[in-house]
S.K.: 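Next up is a structure, given as C-alpha cells.
Order of appearance sets the numbers: ligands from 1, and atoms from 1 within every ligand. Numbers here are sequence positions counted from 1. The model shown is predicted, which means the values in this text are computed figures rather than measured ones.
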Amino acid sequence: MRTVTILGATGSVGGSTLDLVEREPERFQIEALTANSDVDGLAAIARRTRAKIAVIGDASRYQALKDALAGSGVEAAAGPEAIIDAARRGADWTMASIVGLAGLEPTMAALSCGKSVALANKEALVSAGSIMIRAAESAGARLLPVDSEHNAVFQCYEPEPGRVSRIILTASGGPFRTWTREQMRTVTPAQAVKHPNWSMGAKISIDSATLMNKGLELIEAHHLFPIGADKLDAIIHPQSVIHSMVEYIDGSVLAQLGAPDMRVPIAHALAWPERMATPCARLNLATVGKLEFETPDEERFPALALAKAALAAGGARPAILNAANEAAVAAFLGGAIGFLDIASAVAEVLAQYEPPAPTTLAEVVAIDAEARQKAAGVMRRMAA
Ligand code: NAD
Ligand code: MG
C-alpha cells in the first residue's frame with residue numbers, strides 16, 4: 001500500500017491522477033488533497049477517496065470546506081501555508097500538479113521528504129530549476145517527469161554519460177499551427193483554449209497555442225536530463241502520437257508512442273519502476289495513417305524563440321520569462337490583452353531588467369514578483 005498526495009487535485013492532471021488511483025484502492029491510499037478555491041469539488045473527492053486531509057488555498061473558504069466535510073472524518077485546512085504543510089506530510093508518492101509558480105513551495109516541501117514526486121508543475125522547474133534539482137538530490141527524493149514529452153524521454157533515456165546526443169521534444173503545434181500572424185491577431189480565449197489533441201487546463205492550453213509551452217518544456221528538459229541546452233530540439237508533430245525522442249551517439253533514435261491521454265504518463269510515474277494497467281485507448285497506427293513533422297516557425301510563434309533565448313542565457317531569465325508569461329496569459333484569458341500581445345509583453349519584460357541568477361527560493365520568488373509587476377505595467381500600456 002502506497003500513500004498518495006495530490007497537490008492541485010481539482011485540476012486536469014489532478015483529475016487524471018485520481019482516476020488511476022481510484023481504480024486500485026488496494027494499492028493506493030490518499031493522504032492529502034489540495035485545491036485553490038473549488039471547495040465543493042475538493043470536498044467531494046476527499047469524501048469519495050477517504051483522504052486524511054483536504055486543504056483549500058483560499059483561506060477565506062476554510063469554514064465552507066469544514067462544513068462540506070462535516071461528519072466525513074476528513075480533516076480540513078486552508079491557506080497557502082497549509083498546502084505546504086500537507087505536502088510535507090511525506091506521502092510515498094506526491095503528484096505536483098498545481099499550475100504556475102504557486103506550486104513551487106509545495107513541490108519543494110514534498111521533495112524535502114525524500115520520497116517520490118511526480119512533476120507536472122513545469123513552471124516551478126523552469127523558474128527554480130537548479131535549486132529544485134539540488135533539493136531533490138540532497139533529500140534523496142525521486143523526481144518523476146509527468147509532462148508527456150519528459151515522461152517519454154524518461155522512458156527512452158539511458159543515463160550513462162556520453163551516450164545521448166540529442167533530445168527531441170514533439171509539439172502538436174496547437175490550434176493555430178497553420179494560421180498567419182494576421183489571423184492570430186483577433187483570436188479569442190475560447191478559440192485558444194481549444195487544443196486539437198489534448199484536454200488540459202486553461203493556462204497550459206494557451207501556452208500550447210503560443211508555443212510558449214514547448215519553450216518551457218525545453219527548459220524543463222534541461223533540468224531533468226543532464227544534457228547541454230544546445231542538444232535540445234523541438235519538432236512539430238500534429239498527430240501527437242510520438243511523445244518525444246532520444247537520439248544516441250550511434251545514430252539510434254528511441255521514441256515513446258501512445259494515444260494522447262495524460263493518464264499514460266501519469267500511470268508510468270505512479271507505478272514506476274513497475275507498470276500498471278490503464279483503460280486508455282490503444283494506439284492503432286493503421287487508423288492514424290500518417291505521422292507528419294515540420295520545423296517550428298519562430299517568426300509566427302515568437303514565444304518559442306524567447307524561451308530558447310532564456311534557456312541559453314540561463315540565470316534569472318527563465319524565471320522572468322515564466323512570470324511575465326503567467327501574467328500575460330491571465331490577462332489574455334481575462335480579455336485585457338490580445339493573443340499576440342502575450343509574447344510581446346514577455347519580450348518587453350525580459351528587455352527591461354537583468355537581475356543576478358537566483359540562488360535561493362526567496363530570490364526566485366522575488367524575481368517572479370518583480371517580473372509580474374513589470375508585466376502589469378507593460379500590459380497597462382498595451383491596453384491603453
Ligand atoms: P488546471 O488549471 O486544470 O489545475 C490546476 C490545479 O492547481 C487546480 O487543482 C487548482 O485548484 C490548483 N491551483 C491553481 N492555482 C493555485 C494556487 N494559487 N494555489 C494552490 N493551488 C492552485 O491545470 P492542469 O492543466 O491540471 O495543469 C497543472 C500543471 O500540470 C501545470 O503546470 C501544467 O503546465 C502541467 N501539465 C498539464 C498537462 C495537462 O494535460 N493538463 C500536461 C502536462 C503538464
Ligand atoms: Mg507537455
S.K.: Mind listing the closest non-hydrogen atom pair of Pro106 and Ala87 along with its distance?
M.R.: O-CB, 3.2 Å
S.K.: Is Ser12 in polar range of ligand 1, meaning some N or O pair under 3.5 Å apart?
M.R.: yes
S.K.: Counting non-hydrogen protein atoms only, what is the nearest one to atom 18 (N) of ligand 1? Give residue, atom name and distance.
M.R.: Ala102 CB, 3.3 Å
S.K.: How far apart are the closest heavy atoms of Ala76 and Leu69, and which atoms are they?
M.R.: CB-CD1, 3.9 Å
S.K.: Please report, to 10°, the angle around the Mg ion (ligand 2) from atom OE1 (Glu149) across to atom OD1 (Asp147).
M.R.: 100°
S.K.: What's the spacing between Leu20 CG and Phe28 CZ if we round to 0.5 Å?
M.R.: 8.0 Å
S.K.: Compare every heavy atom of Pro318 with every heavy atom of Val126, then report the nearest pair and how far apart it is.
M.R.: O-CB, 3.3 Å
S.K.: Counting only nitrogen or oxygen atoms and a 3.5 angstrom limit, does Asn36 reach ligand 1?
M.R.: yes
S.K.: May I ask whether Asp38 places a heavy atom under 4.0 Å from ligand 1?
M.R.: no
S.K.: Heavy-atom distances under 4.0 Å are what count here, so tell me which part of Pro80 touches ligand 1: side chain, backbone, both or neither.
M.R.: neither
S.K.: Compare every heavy atom of Leu33 with every heavy atom of Ala9, then report the nearest pair and how far apart it is.
M.R.: CB-CD2, 3.9 Å
S.K.: Among all protein heavy atoms, pick out the one at the shortest distance from atom 43 (C) of ligand 1; state its residue, atom name and that distance to 0.1 Å.
M.R.: Asp147 OD1, 3.1 Å
S.K.: Output the atom name for the N/O/S atom of Glu217 with the smallest distance to the Mg ion (ligand 2).
M.R.: OE2
S.K.: Could you check atom 42 (C) of ligand 1 against the protein and tell me its nearest heavy-atom contact, residue, atom and distance included?
M.R.: Met262 CE, 3.6 Å
S.K.: Looking only at distances, can you tell me whether any N or O atom of Gly11, backbone or side chain, sits closer than 3.5 Å to an N or O atom of ligand 1?
M.R.: yes
S.K.: Have a look at ligand 1 and work out which part of Val99, if any, has a heavy atom under 4.0 Å from it: side chain, backbone, both or neither.
M.R.: both
S.K.: Output the distance between atom CD1 (Ile206) and atom CG (Asn213), rounded to the nearest 0.5 Å.
M.R.: 11.5 Å
S.K.: Give the residue, atom name and distance (to 0.1 Å) of the protein heavy atom nearest atom 37 (C) of ligand 1.
M.R.: Val13 CG2, 3.4 Å
S.K.: Do any N/O atoms on Ala35 end up under 3.5 angstrom from N/O atoms on ligand 1?
M.R.: no
S.K.: Taking N or O atoms only and a 3.5 Å limit, does Ser148 qualify as a polar contact for ligand 1?
M.R.: no
S.K.: Salt-bridged, Asp85 to Arg89, with N to O below 4.0 Å?
M.R.: no
S.K.: Any nitrogen or oxygen of Glu123, side chain or backbone, less than 3.5 Å from one on ligand 1?
M.R.: yes
S.K.: Going by heavy atoms, is Ala120 under 4.0 Å from ligand 1?
M.R.: yes
S.K.: Once you restrict to heavy atoms under 4.0 Å, what part of Ile83 touches ligand 1? Side chain, backbone, both or neither.
M.R.: side chain
S.K.: Examine distances only and state if a side-chain atom of His243 and a backbone atom of Gly258 form a donor-acceptor pair shorter than 3.5 Å.
M.R.: yes
S.K.: Please name the pair of heavy atoms, one in Met245 and one in Ile242, separated by the smallest distance, quoted to 0.1 Å.
M.R.: CG-CG2, 3.8 Å
S.K.: For atom CD of Gln183, is the number of surrounding heavy atoms from other residues, nucleotides or ligands below 6.0 Å larger than 12?
M.R.: yes
S.K.: How does Lys203 reach ligand 1, if at all, at less than 4.0 Å between non-hydrogen atoms: by side chain, backbone, both, or neither?
M.R.: neither
S.K.: Is it true that Lys214 and Glu217 make a salt bridge, defined as a side-chain N closer than 4.0 Å to a carboxylate O?
M.R.: yes
S.K.: Counting only nitrogen or oxygen atoms and a 3.5 angstrom limit, does Gly201 reach ligand 1?
M.R.: yes
S.K.: Quick check: closest heavy atoms across Ala70 and Arg47, and the distance to 0.1 Å?
M.R.: O-NH2, 2.9 Å
